[in-house]
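See structure below.
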Amino acid sequence: MNPTYEKLMNCYTCVRNKTSFVPKVALVLGSGLGDYANQIEVESELPYSDINGFPVSTVLGHAGKFVYGYIDGIPVVCMKGRVHYYEGYDISDVVLPIRLMKLMGAEILFLTNAAGGVNGSFHAGDLMLIRDHISVFAPNPLIGANIDQLGTRFPDMSTVYDKDLQQIIRDKALENRILLQEGVYAQLTGPSFESPAEIRLLRALGCDAVGMSTVVEAICANHCGMRICGISCISNLAAGMTDTPLSHEEVQSAADKSAAGFKKLVTEVIRGFRQENLL
Ligand code: HPA
């Protein structure tokens with residue numbers, strides 16, 4: 001058996017020995033956004049370290065566990081903390097949790113992250129609907145033997161971020177008077193922040209926000225047939241756009257600025273999935 005698939009199935013067996021919960025929505029909480037887990041009517045929690053073979057995050061502020069529960073009666077699995085490529089994991093391990101949540105039953109993947117604003121009209125604290133992404137600076141998580149049980153060798157990428165889900169996010173932001181930017185997110189490997197010249201390069205390429213996650217997860221979820229949507233919290237303007245040096249602490253504390261709008265929007269959007277009969 002393909003070793004990546006074998007590892008995934010071992011993790012799945014391990015999860016199923018601990019919980020029979022079947023989520024419909026998988027929610028990944030980015031840096032500083034883990035608090036959202038408090039909105040969930042928790043059924044159970046599973047620390048990543050309790051899953052044999054599961055990559056365990058080392059980054060401060062990425063407490064690693066699955067939270068299973070309900071948002072307005074809708075079964076969700078929430079990743080409180082994700083694993084990043086810059087921590088040194090194989091890229092197949094970085095996306096393992098996404099595949100695992102799909103195996104648990106999740107049909108929709110809701111990705112969130114903290115990101116640097118590259119678009120000059122953005123402000124720290126803005127929320128941005130991810131319309132598309134740029135993956136060319138990150139390793140492709142599908143490299144290696146294709147896992148035919150999950151998806152096709154050459155997946156189409158023309159609408160990774162589901163149009164219906166995008167519209168729900170737009171509508172809910174408008175209804176709730178939450179300012180919503182839109183744009184293209186680029187994933188770089190990190191862990192160093194970008195240089196000002198790299199940010200100018202990204203802007204020239206049509207990128208609006210930059211971060212160190214999300215895109216590889218979206219590629220993998222698209223491969224295994226999930227419907228995907230994503231929101232970036234613009235925690236800072238990217239390098240060279242202000243005089244302030246960037247720090248992880250700033251990224252985390254800036255997430256607080258958008259926390260209220262973020263929480264409201266995520267809950268309303270998940271309700272919206274049901275209102276639009278997508279679940
Ligand atoms: N660059 C990369 N990743 C980030 C940033 C940034 O400016 N802010 C939050 N995550």
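Counting starts at 1 for both ligands and their atoms, in listed order. As the structure is a prediction and not an experimental result, all values here were calculated from the model.
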Would you please name every residue forming a side chain to side chain contact (heavy atoms under 4.5 Å, CB included) with [X], sequence neighbours left out?
{"X": "D126", "value": "F122, H123, L179, Q181, I234"}
{"X": "S213", "value": "R82, H84, N113, Y185"}
{"X": "F21", "value": "T19, P23, E43, Y68, Y70, P75"}

Quick check on the 6.0 Å ring-centre criterion: do F66 and F54 meet it? yes
If you look at each N/O of ligand 1, which protein N/O atoms lie under 3.5 Å away, and at what distance?
from	atom 1	to	atom 2	distance (Å)
ligand 1	1 (N)	E194	OE1	2.8
ligand 1	1 (N)	E194	OE2	3.3
ligand 1	7 (O)	N236	ND2	2.9
ligand 1	8 (N)	G116	N	3.3
ligand 1	8 (N)	N236	OD1	2.7
ligand 1	10 (N)	A114	O	3.3

Can any side-chain N or O of T112 pair as donor or acceptor with the backbone N or O of V28 at less than 3.5 Å? yes
Donor-acceptor pair, distance only, cut-off 3.5 Å: does the side chain of D208 make one with the backbone of V184? yes
